[in-house]
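Before any comments, here is the structure.
Fair warning: this is a prediction, and the values are worked out from it, not measured in the lab. Labels below follow one simple rule: chain letters A, B, ... track the order of the sequence lines, proteins then strands, and each chain is numbered from 1.
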Amino acid sequence: MPELPEVEAYRMYVETALFESPIQKVELLREKVMKSDWKEFKKQTEGQRFISTKRIGKYLFMQLENKKWVLFHFGMTGKPEFYQSKEVQPKHSRLIIHFESGLKLSFVCMRLFGRVELVNSIEQYQKEHKLGIDALEVSQSDFSDYLSSRKAAVKTVLLHQNAFAGVGNWIADEVLFQSEIHPEIRAHKLTKKQLERIYDDLQEVLKIAVQKQANYHEFPEHFMVKERWGDGNCPKCGEELKRIVVGGRGTYLCENEQAG
DNA sequence: CGGCCTGTTTCCAA
DNA sequence: CTTGGAAACAGGCC
């Protein structure tokens, strides 16, 4: 379930066992998820130990002793999963990292939208792929300037990964609900005050979701996302939530609270 | 069977 | 060249 908070939870999860033992071998079960040259990936990873991790938006980087990074991008349905040799391999495993200790790390990805690749430099990767800074790091003024420069629906602009990275479909909906902004308002038409409110709510939603390790059962009562996944009503006024499509994505809102 | 889904990339048109 | 919007990608679930 990978938006910024989910990927941060994955980062902490892999850190629980990632550094303990060197990689014995890597095994590719579905070529589709391997974005780098497989032979090169194998050569650069086998025998190496992981030494650190870094997350930017929805991208998880894991650094090796040789300073190269293994990048996991989870698409819509990906997740990392450790398992022991005697345990059954997780369903939809696409790539397995075998450690010398016998522990294995699976890149699980049901729909094959996720990708694994070898990255030489994160800065270079960000430049080449137009990946912005993490959404938790963006400043109020950069945030406002970017939204003001875009004519698309505000929800669509929040999903862009190139100015600030990590916002996905449910977070965009939740933030606009908290800010009482209709998702189809054009971003450049927002007032300074509205932009400030959206920024504050974005930071708040991200921080709470990270703190709860993206476990939405533990989200606060005033969050709309719980209702959204439970087919429910507005936590503020009780009105039934409405589903529309914005930028091709399912979008939930309360028409009372988010009139304009 | 049709519709839906937490994401990105690619293609096309303006 | 930039921007916005739609389609494509894949598999499982209801």
Donor-acceptor pairs under 3.5 angstrom involving side-chain atoms of residues 245-256 of chain A: please list them, not counting sequence neighbours.
residue	atom	partner	partner atom	Å
T251(A)	OG1	K155(A)	NZ	2.8
T251(A)	OG1	R249(A)	O	3.0
E255(A)	OE2	K242(A)	NZ	3.2

Less than 3.5 Å apart, which donor and acceptor atoms pair up between the side chains of residues 21-29 of chain A and the rest of the protein, not counting sequence neighbours?
residue	atom	partner	partner atom	Å
S21(A)	OG	E100(A)	N	3.2
S21(A)	OG	S101(A)	N	3.0
E27(A)	OE1	H98(A)	NE2	2.7

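Within residues 135-155 of chain A, the residues that have a heavy atom under 4.0 Å from DNA chain C are, in order of number, R150(A), K151(A), A152(A).
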**Secondary-structure notation, DNA chain C, from Watson-Crick and G-U pairs under 3.5 angstrom (| other strand)** = .||||||||.||||

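Residue pairs satisfying the ring-ring contact (aromatic ring centres under 6.0 Å, His included) criterion with at least one member in residues 28-49 of chain A, sequence neighbours excluded, are listed as follows: W38(A)-F41(A).
Look at CZ on R249(A): it is 16 Å from P on dA8(C), rounded to the nearest Å. H129(A) has its NE2 atom 13 Å from the P atom of dT8(B), to the nearest Å. Remark: P of dG7(B) and CD of Q161(A) are 8 Å apart, rounded to the nearest angstrom.
K79(A) has no side-chain polar atom (N or O) that falls below the 4.0 Å cut-off from OP1 or OP2 of dT6(B).
With centres under 5.5 Å and a plane angle under 30° as the test, the ring of F113(A) is not stacked against the base of dT8(B).
Nucleic acid contact class of G75(A) (heavy atoms, under 4.0 Å, all strands): sugar-phosphate only.
Under the rule for a side chain to side chain donor-acceptor pair (under 3.5 Å), the partners of S144(A) that lie at least two apart in sequence or sit in another chain are Q140(A).
There is a path of hydrophobic side-chain contacts, each under 4.5 Å, that joins L202(A) to I208(A).
Comparing dC4(B), dG7(B), dG4(C) by their nearest atom to the side chain of E3(A) picks out dG7(B).
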